Enquirer: 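To start, I am sharing the structure in question, which I have written as structure tokens.
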Amino acid sequence: MDEIKTYQHEVGQSLKISEDSIPDAQFTAVNLERATFKSVNLSTVTFEKANMECAVFNDVDLNCCAFDNAYLDNSTINDSSFANAVVENVNMERAKFNGLNMSRASFKGINFKETSFNEVSLDDSKLFFSDMINSSFEKIVLTGSKLTECDLSDVEINDCEINGLKIDGIDIGALIKAIKEKKLDPDKLING
């Protein structure tokens with residue numbers, strides 16, 4: 001079995017990645033602010049206490065990676081795969097996710113405030129104790145996903161399939177379908 005490479009840097013030091021694939025690496029307390037990753041394999045990499053604010057990921061394999069106590073605020077991840085990732089206690093405020101596969105990922109204690117999800121697959125993902133205030137979702141897949149104790153205040157969801165969507169055990173998908181088909185009057189539901 002190969003030994004895991006560990007890269008430990010103090011915040012402020014620069015990091016140069018010369019290989020196109022660095023699976024099983026660990027980045028601890030590294031400053032990758034404004035870094036750009038393009039067409040690189042970062043699968044199974046661990047980012048712990050990493051500052052990745054304003055980082056840009058284009059066509060990056062982040063499958064099975066782990067983020068712990070990291071900062072990804074204002075980051076952009078495009079046309080990449082984040083499947084089976086484990087993300088805990090990470091700030092992703094105002095991040096932009098476009099064309100991303102986040103299926104079967106696990107998110108716990110995440111700040112997703114004002115984050116945009118566009119053409120993102122979150123199927124079979126789990127989100128716990130996460131703040132999603134003012135997030136927007138367009139053309140996303142949430143099939144089989146579970147959101148537990150998340151703040152969804154002012155979340156905007158557009159043009160999404162909502163069959164079977166349940167919130168606190170209530171089939172919201174069926175309610176919205178009945179309202180759209182004029183079988184239920186929303187004013188009567190709200191005002192009694």
Side-chain angles (χ1 to χ4, degrees), residues 42-45 47 57-70 72-192:
L42 298 176
S43 64
T44 68
V45 169
F47 297 94
F57 299 81
N58 289 313
D59 186 31
V60 176
D61 181 347
L62 291 160
N63 293 325
C64 302
C65 68
F67 287 87
D68 186 20
N69 291 301
L72 283 151
D73 346 19
N74 296 299
S75 61
T76 302
I77 305 178
N78 298 312
D79 304 315
S80 299
S81 187
F82 215 76
N84 296 300
V86 176
V87 184
E88 293 188 9
N89 304 313
V90 173
N91 189 3
M92 294 182 161
E93 189 169 348
R94 292 182 302 280
K96 293 175 181 64
F97 302 132
N98 303 295
L100 195 57
N101 176 9
M102 297 174 109
S103 58
R104 295 174 308 283
S106 174
F107 299 92
K108 185 176 180 182
I110 310 302
N111 177 359
F112 282 122
K113 284 182 186 174
E114 299 178 30
T115 295
S116 66
F117 297 79
N118 185 13
E119 296 187 26
V120 173
S121 174
L122 280 158
D123 59 302
D124 296 315
S125 290
K126 294 179 179 25
L127 291 90
F128 303 98
F129 317 111
S130 294
D131 186 344
M132 304 179 90
I133 295 173
N134 290 317
S135 293
S136 65
F137 300 87
E138 293 189 35
K139 300 179 183 175
I140 62 164
V141 178
L142 289 167
T143 306
S145 293
K146 305 258 187 258
L147 284 75
T148 305
E149 294 191 42
C150 293
D151 189 339
L152 299 170
S153 301
D154 298 318
V155 168
E156 185 177 326
I157 300 173
N158 295 311
D159 300 323
C160 296
E161 178 59 52
I162 55 171
N163 278 339
L165 172 64
K166 293 181 182 173
I167 298 177
D168 291 332
I170 299 169
D171 191 343
I172 302 301
L175 283 174
I176 292 172
K177 181 179 178 184
I179 290 168
K180 285 182 176 181
E181 293 174 351
K182 302 200 187 295
K183 294 178 181 176
L184 282 175
D185 182 354
D187 291 329
K188 286 184 180 178
L189 282 173
I190 295 169
N191 300 322

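As the structure is a prediction and not an experimental result, all values here were calculated from the model.
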Enquirer: Kindly indicate whether the side chain of S130, heavy atoms from C-beta on, has any atom under 4.5 Å from the side chain of C150.
Expert: yes
Enquirer: Within this structure, what is the CD1-CG distance for the pair I133 and D154, rounded to the nearest 0.5 Å?
Expert: 7.5 Å
Enquirer: Scan residues 131-146 for pairs that pass side chain to side chain donor-acceptor pair (under 3.5 Å), counting only residues two or more places apart or in two chains.
Expert: none
Enquirer: Do L184 and L175 have side chains that approach each other closer than 4.5 Å (heavy atoms only, starting at C-beta)?
Expert: yes
Enquirer: Can you see which heavy atom on L122 is nearest to which on M102, and at what distance?
Expert: CD2-CB, 3.7 Å
Enquirer: Mind running side chain to side chain contact (heavy atoms under 4.5 Å, CB included) on L72 and V90 for me, showing each step along the way?
Expert: CA-CA 7 Å; L72 283 151; V90 173; 3.9 Å; yes
Enquirer: State, with a plain yes or no, whether a side-chain heavy atom of C65 is found less than 4.5 Å away from one of L42.
Expert: no
Enquirer: Does a donor on one side chain and an acceptor on the other come within less than 3.5 Å for S153 and D151?
Expert: yes
Enquirer: What do you reckon, is CD of E149 surrounded by more than 12 foreign heavy atoms closer than 6.0 Å?
Expert: no
Enquirer: Please round to the nearest 0.5 Å and tell me the distance separating atom CD1 of I162 and atom CG of L142.
Expert: 11.5 Å
Enquirer: About how many Å separate CG of D59 and CG of D79, when rounded to the nearest 0.5 Å?
Expert: 7.0 Å
Enquirer: Any ring-ring contact (aromatic ring centres under 6.0 Å, His included) pairs touching residues 130-162, not counting sequence neighbours?
Expert: F117-F137
Enquirer: Quick one: pull up NZ in K113 and CE in M92 and give me the separation to the nearest 0.5 Å.
Expert: 15.5 Å
Enquirer: Less than 6.0 angstrom separating the ring centers of F82 and F57, yes or no?
Expert: no
Enquirer: As an exercise, state the distance from CD of E119 to CG of L100, rounded to the nearest 0.5 Å.
Expert: 11.0 Å
Enquirer: Look up atom NZ in K96 and atom CD in E114, then write down how far apart they are to the nearest 0.5 Å.
Expert: 10.0 Å
Enquirer: Side chain to side chain donor-acceptor pair (under 3.5 Å) between S116 and N118: does it pass, once the steps are laid out?
Expert: CA-CA 6 Å; S116 66; N118 185 13; over 6 Å; no
Enquirer: Donor-acceptor pair, S125 side chain versus A105 backbone, under 3.5 Å?
Expert: yes
Enquirer: Tell me which pairs pass side chain to side chain donor-acceptor pair (under 3.5 Å) where either residue lies in residues 170-180, with sequence neighbours left out.
Expert: none
Enquirer: Does S103 reach the side chain of D124, with side-chain heavy atoms less than 4.5 Å apart?
Expert: no
Enquirer: Testing the basics here: between L62 and A85, what is the closest heavy-atom pair and its distance to 0.1 Å?
Expert: O-CB, 4.3 Å
Enquirer: Between N84 and N63, is there a donor-acceptor pair closer than 3.5 Å when you use the side chain of the first and the backbone of the second?
Expert: no
Enquirer: Determine whether N89 and D68 make a side-chain contact, defined as any pair of heavy atoms from C-beta on separated by less than 4.5 Å.
Expert: yes
Enquirer: Which heavy-atom pair separates V60 from S80 by the least distance, and what is that distance?
Expert: N-OG, 2.9 Å
Enquirer: Specify whether F112 and F97 have parallel, tilted or perpendicular ring planes, treating 30° as the upper limit for parallel and 60° as the lower limit for perpendicular.
Expert: perpendicular
Enquirer: Is any side-chain heavy atom of K108 closer than 4.5 Å to a side-chain heavy atom of F129?
Expert: yes
Enquirer: Does the side chain to side chain donor-acceptor pair (under 3.5 Å) test come out yes or no for N111 and N91, once each step is laid out?
Expert: CA-CA 5 Å; N111 177 359; N91 189 3; 3.0 Å; yes
